[in-house]
Amino acid sequence: MPIVAAMIRIITDRKAAEAARRDGRDVWSEPAAVEALAILGVPAGVHDVADGPLPAGDAPVLVVDRPDDRTAAALLAWAADGGGLVVCGHDPGWTGIAATPAPDEAVVVLGDDRLRAFGGWALGETGEVAARWADGRPAVVTAPHGRGSIAVAGPDLWHTLVRITQGHPVERDGTPPDDGSAPVDDGWLKTDDGIALSWTEDRAVPDADAPYEHVHPPTRSLPYFGAAQADRWREVLLGLLLDTGATVAVVAPWPDGAPAAAHVSHDSDMNDDPSARAALDAFAAADVPVTWCFLYPGGYSQAVYDDVVAAGHEPGLHYNAMLDTPDCTWGFERLRDQLAWATYQVRGAAIVTNKNHFTRWEGWDEFWLWCERLGLRVDQSHGPSVQGAIGFPFGTCHPHHPILSAAHGNRPADVFDLPLQTQDLWLTCTDEVRDGFVAEALRRHGVVHLLFHGQHLQHHEGVRASFAAAVERLRAAGVAFHTSVALADWSERRRALTVRTSTQDDAVTVTVDGDRDGVALLLPPHLVPAGDQPYGRVERYGRTFTQVLLDGRSLRLVSA
């Protein structure tokens, strides 16, 4: 079997993108593509068409903006000579694959999955059709081109990823579903007022009999967002790149090659010492480090703050913009002052994580800009405020950098958005729903993020029991628990790695520079380490890989 080593090359047109942004139009192609591959752990570089001829190499090429005629001709010639092109985010007519505009919002059927897409193109009946729009027209196709191939994702993947994971700007109450499961029209602006997914089409429905009563604890399983759709779209992209036949060394998502990660956060609502003690006891019994978000105003006794930090938990902020008092309204100064208050309470310990009380939100990107200014590295506000929004209302369980608006150059914010799936197990969802979203997070190799409040751990045996059951299940699956700052540290370290591959004498050498502690590589299953280094076969992103935990800078691979 011939072996080809590769780093993905992203072809973009920055001049055209910048012109569009000056006109106030968002162009998410390059930043969203870079972010998608970073989340997947795929080594990639960006090539602007203004930089001249494409760099030589056998790497797959991901074309995210429509190329000019000269670049298009070079790409097609390269594919005909054996290269693999993947095209998405713009009209692919230049590839020779017919395309007509698709609806601004529609569903794509991919195997057993029904994935929402925002814009794009319906394709011609050519080559191998991997997915279809709901109306039957091809949505994802791969066609031979000379000795190479061209794969086209018809949906505008970049718009789709940003829209699903960040929702719509929150300017008014959201429109709730008619079944009573998600009363978001409560007079408060929150993240789930801006959900872009469909309440009626994109939720799993364990019990189809409506209406549902929104009570705590629920009397039966309510509909929930059971599919991490944005993560599934990224897997589609990865599959198209890997199916070009190139050997790509993918950095495994979590330390030591774990299949997923888990995180527990705690919000200090009520600020009473007995509930804090109950939470400390529950977390100690489970041996789980948590991110403890402190709520202003009020506060615990100083002894509680000291004990939270001494127990190894991460201090965080629970920004409160839910009161009529001037110090608890929406605004940068209030966030700044509450952060200073919380930092004082923990005797100056660094606070880099925030979660907004009740998932409060306004606008589009202003809050992430506030976080940048204040040195907050992680925000956990994007998640459900009502039972019917539990699961993946923003389509992802992976920490990611949100993309800012055109006014800010559509750059990635220097903040990680850490999605939230639910709060207070048992009190907000049945075990059936809990098991459903945990299974999906494991399938998508993301973070299971569970939020608790001390008063519910104190007063409800059901909450404590469901928490203990979730911890047991996750640990049995090989999943470790991490604080928010630990997740951010790992994500930044993983992204900073430089991964290079080379071939010689039918062998592949992978060289990794950076902090390699705990780093594992996912490699094509036909490759194994040349020496006696241990390796395993794992299922990740819907396919089989050889996984190797690095014990040095270089790894030599040969065909099995």
Q: Check the side chains of T422 and T428 for a donor-acceptor pair under 3.5 angstrom, ignoring hydrogens and angles.
A: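 Note: T428 and T422 side chains meet the donor-acceptor criterion.
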Q: Take R203 and S181 through the test side-chain hydrogen bond (donor to acceptor under 3.5 Å, both in side chains) and record every step on the way to the result.
A: CA-CA 11 Å; R203 292 189 298 171; S181 64; 2.8 Å; yes
Q: So, for H401 and F416, is the gap between ring centers shorter than 6.0 Å?
A: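 Distance test on ring centres: under 6.0 Å, yes.
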Q: Between P43 and A249, which heavy-atom pair has the shortest distance, and what is it?
A: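 That closest heavy-atom pairing would be CD-O, 3.1 Å.
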Q: Give every residue pair that meets the ring-ring contact (aromatic ring centres under 6.0 Å, His included) criterion with at least one member in residues 223-243, sequence neighbours excluded.
A: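 Listed by first then second residue: W199-F225.
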Q: When you look at CZ of F118, are more than 12 heavy atoms from neighbouring residues, nucleotides or ligands closer to it than 6.0 Å?
A: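 Above 12, so yes.
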Q: Quick one: which residue pairs count as a salt bridge (charged side-chain N to carboxylate O under 4.0 Å, His left out) with a foot in residues 457-469, not counting sequence neighbours?
A: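 Qualifying pairs, neighbours excluded: E461-R464.
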Q: Checking side-chain polar atoms at under 3.5 Å, does N320 have a donor or acceptor matched by the opposite partner on H357?
A: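 Side chains of N320 and H357: no pair found under 3.5 Å.
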Q: Can you sort out the partners of R360 under salt bridge (Lys or Arg N to Asp or Glu O under 4.0 Å), two or more places apart, ordered by chain and number?
A: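 Partners of R360 under the salt bridge (Lys or Arg N to Asp or Glu O under 4.0 Å) test: E362.
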Q: Taking the basic N atoms (NZ, or NE/NH1/NH2) and the acidic carboxylate oxygens, is any pair closer than 4.0 Å for R494 and D489?
A: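 Salt bridge flag = no for D489 with R494.
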Q: Among residues two or more places apart or on two chains, list those pairs meeting salt bridge (charged side-chain N to carboxylate O under 4.0 Å, His left out) that have a residue in residues 421-433.
A: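 Listed once each, the pairs are D431-R434.
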Q: Sequence neighbours left out, what passes salt bridge (Lys or Arg N to Asp or Glu O under 4.0 Å) with E105? Give chain and number order.
A: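 Here the qualifying residues are R116.
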Q: Within the supplied structure, the quantity of interest is the number of heavy atoms (other residues, nucleotides, ligands) at a distance under 6.0 Å from Y541 OH; does it exceed 12?
A: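 Yes.
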Q: Are L550 and L521 packed together at the side-chain level, in the sense that at least one heavy-atom pair is separated by less than 4.5 angstrom?
A: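 Side-chain contact under 4.5 Å: yes.
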Q: So, do P223 and D179 sit near enough that their side-chain heavy atoms are less than 4.5 Å apart?
A: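 When only atoms from C-beta onward are counted, D179 and P223 do touch, with a gap below 4.5 Å.
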Q: Of all heavy-atom pairs between A260 and G446, which one has the smallest distance, and what is that distance?
A: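 Taking A260 first and G446 second, the nearest heavy atoms are CB-O, 3.3 Å.
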Q: What residues form a side chain to side chain contact (heavy atoms under 4.5 Å, CB included) with E171, not counting sequence neighbours?
A: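 E171 satisfies side chain to side chain contact (heavy atoms under 4.5 Å, CB included) with P169 once adjacent residues are dropped.
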Q: Taking side chain as C-beta onward, heavy atoms only, is V107 less than 4.5 Å from L115?
A: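 No - every pair of side-chain heavy atoms lies 4.5 Å or more apart.
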Q: Given L418, which of S484, S265, S491 fulfils the side chain to side chain contact (heavy atoms under 4.5 Å, CB included) condition?
A: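 Among S484, S265, S491, the one meeting side chain to side chain contact (heavy atoms under 4.5 Å, CB included) with L418 is S484.
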Q: List for me each residue that meets side-chain hydrogen bond (donor to acceptor under 3.5 Å, both in side chains) alongside T200, sequence neighbours excluded, and say none if there are none.
A: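 Applying side-chain hydrogen bond (donor to acceptor under 3.5 Å, both in side chains) to T200 gives S198.
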Q: Shortest non-hydrogen contact from D192 to S385?
A: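 Heavy atoms of D192 and S385 come nearest at OD2-N, 2.7 Å.
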Q: Any ion pair linking D379 and K355 (charged N to carboxylate O, less than 4.0 Å)?
A: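 Here K355 does not pair with D379 in a salt bridge, since their nearest N and O are not under 4.0 Å apart.
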Q: Going through the checks in order, is the ring pair (Phe, Tyr, Trp, His ring centres under 6.0 Å) test met by H263 and H482?
A: CA-CA 5 Å; H263 172 64; H482 308 266; 9.1 Å; no
Q: Does L241 offer a backbone N or O that forms a donor-acceptor pair with the side chain of T244 under 3.5 Å?
A: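 Yes: the side chain of T244 pairs with the backbone of L241.
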Q: Would you indicate whether the side-chain heavy atoms of V264 and F452 approach each other to under 4.5 Å?
A: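 Sidechains of V264 and F452: in contact.
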Q: Restricting to side-chain hydrogen bond (donor to acceptor under 3.5 Å, both in side chains), what partner residues turn up for K190, sequence neighbours left out?
A: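 Applying side-chain hydrogen bond (donor to acceptor under 3.5 Å, both in side chains) to K190 gives D186.
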Q: Just checking, any donor-acceptor pair under 3.5 angstrom between side chains of Q380 and N354?
A: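 Not at all, the side chains of Q380 and N354 share no donor-acceptor pair under 3.5 Å.
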Q: Could you tell me if the side chain of P183 sits less than 4.5 Å from the side chain of D185, heavy atoms only?
A: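 Side chain of D185 against side chain of P183, heavy atoms only: contact under 4.5 Å found.
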Q: Taking only residues two or more places apart in sequence, or in another chain, which ones meet T160 in a side-chain hydrogen bond (donor to acceptor under 3.5 Å, both in side chains)?
A: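 T160 satisfies side-chain hydrogen bond (donor to acceptor under 3.5 Å, both in side chains) with no other residue.
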Q: Under a 4.5 Å cut-off applied to non-hydrogen side-chain atoms, are P259 and V538 in contact?
A: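 Contact flag for P259/V538 side chains = no.
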Q: For atom CG of D104, is the number of surrounding heavy atoms from other residues, nucleotides or ligands below 6.0 Å larger than 12?
A: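 Counting other residues, nucleotides and ligands, CG of D104 stays at 12 neighbours or fewer.
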Q: Is a salt bridge present between R543 and E539, judged by a nitrogen-to-oxygen distance below 4.0 Å?
A: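 Salt bridge flag = no for E539 with R543.
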Q: T291 and T353: side-chain donor and acceptor closer than 3.5 Å?
A: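 T353 and T291 do not have a side-chain donor-acceptor pair below 3.5 Å.
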Q: With a 6.0 Å cut-off on ring centres, are W254 and H445 close enough?
A: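 Between W254 and H445, the centre distance exceeds or equals 6.0 Å.
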Q: Out of the candidates L157, V152, L85, T142, only one should pair with L240 under the side chain to side chain contact (heavy atoms under 4.5 Å, CB included) rule; please name it.
A: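 Among the candidates, only T142 passes.
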Q: Check step by step if side-chain hydrogen bond (donor to acceptor under 3.5 Å, both in side chains) holds for H313 and T483.
A: CA-CA 7 Å; H313 302 310; T483 62; over 6 Å; no
Q: Do V215 and Q387 have side-chain heavy atoms sitting under 4.5 Å apart?
A: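 No, side chains not in contact.
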Q: Who are the side-chain hydrogen bond (donor to acceptor under 3.5 Å, both in side chains) partners of D135, not counting sequence neighbours?
A: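 Once residues adjacent in sequence are excluded, the partners of D135 under the side-chain hydrogen bond (donor to acceptor under 3.5 Å, both in side chains) criterion are R137.
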Q: For T546 and R537, which I'm curious about, is there any donor-acceptor pair between the side chains at under 3.5 Å?
A: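 Per modelled atom types, T546 and R537 side chains form a pair under 3.5 Å.
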Q: Please name the pair of heavy atoms, one in R443 and one in G436, separated by the smallest distance, quoted to 0.1 Å.
A: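 Minimum heavy-atom contact is NH2-O, 4.4 Å.
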Q: Under the salt bridge (Lys or Arg N to Asp or Glu O under 4.0 Å) rule, collect the residues that match up with E472, sequence neighbours excluded.
A: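 Testing E472 for salt bridge (Lys or Arg N to Asp or Glu O under 4.0 Å), a comparison that skips the adjacent residues, returns none.
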Q: Just by modelled atom types, is the S381 backbone N or O under 3.5 Å from a matching donor or acceptor in the T191 side chain?
A: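 Side chain of T191 to backbone of S381: a pair is present.
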Q: Please indicate whether R411 has more than 12 foreign heavy atoms, meaning atoms of other residues, nucleotides or ligands, lying under 6.0 Å from its CZ.
A: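 Yes, because the 6.0 Å sphere around CZ of R411 holds more than 12 heavy atoms from other groups.
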Q: Check V87 against P92 and note the closest heavy-atom contact, atom names and distance.
A: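 For V87 versus P92, the nearest heavy atoms are CG1-CB, 4.1 Å.
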Q: Is the closest side-chain donor-acceptor distance between W292 and H266 under 3.5 Å?
A: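 Their side chains do contain a donor-acceptor pair, which is all the 3.5 Å distance test asks for.
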Q: Using the rule given for side-chain contact (heavy atoms from CB on, under 4.5 Å), can you reason through V248 versus L242, listing the C-alpha separation, both sets of side-chain angles and the distance that settles it, and then say yes or no?
A: CA-CA 7 Å; V248 179; L242 296 182; 3.8 Å; yes
Q: Output all residues satisfying salt bridge (Lys or Arg N to Asp or Glu O under 4.0 Å) with R516, sequence neighbours left out; order by chain, then residue number.
A: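 None.
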Q: Without hydrogens or angle criteria, can the side chains of H382 and T359 be said to hold a donor-acceptor pair below 3.5 Å?
A: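 No, because no side-chain N or O of H382 sits under 3.5 Å from a partner of the opposite role on T359.
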Q: Quick one: do R495 and E492 make a salt bridge, cutoff under 4.0 Å?
A: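 Between E492 and R495 there is no salt bridge, as every charged N stays at least 4.0 Å from the carboxylate O atoms.
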Q: Looking at every non-hydrogen atom in both residues, tell me the closest pair between P253 and A258 and how far apart they are.
A: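 So the minimum-distance heavy-atom pair works out to CG-O, 4.4 Å.
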Q: Using atom types as modelled and distance alone, determine if a side-chain donor or acceptor of H460 lies under 3.5 Å from a backbone N or O of A465.
A: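 No, the answer is negative, given that no donor and acceptor are paired below the 3.5 Å cut-off.
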Q: For the residue pair P419 and F392, establish whether any side-chain heavy-atom pair is separated by less than 4.5 Å.
A: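 P419 does not reach F392 side chain to side chain.
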Q: Test side-chain contact (heavy atoms from CB on, under 4.5 Å) on T247 and L527 and set out the steps.
A: CA-CA 9 Å; T247 296; L527 293 179; 3.6 Å; yes
Q: Which is it for W368 and W361 under the ring pair (Phe, Tyr, Trp, His ring centres under 6.0 Å) test, yes or no, and what are the steps along the way?
A: CA-CA 11 Å; W368 290 311; W361 200 265; 5.1 Å; yes
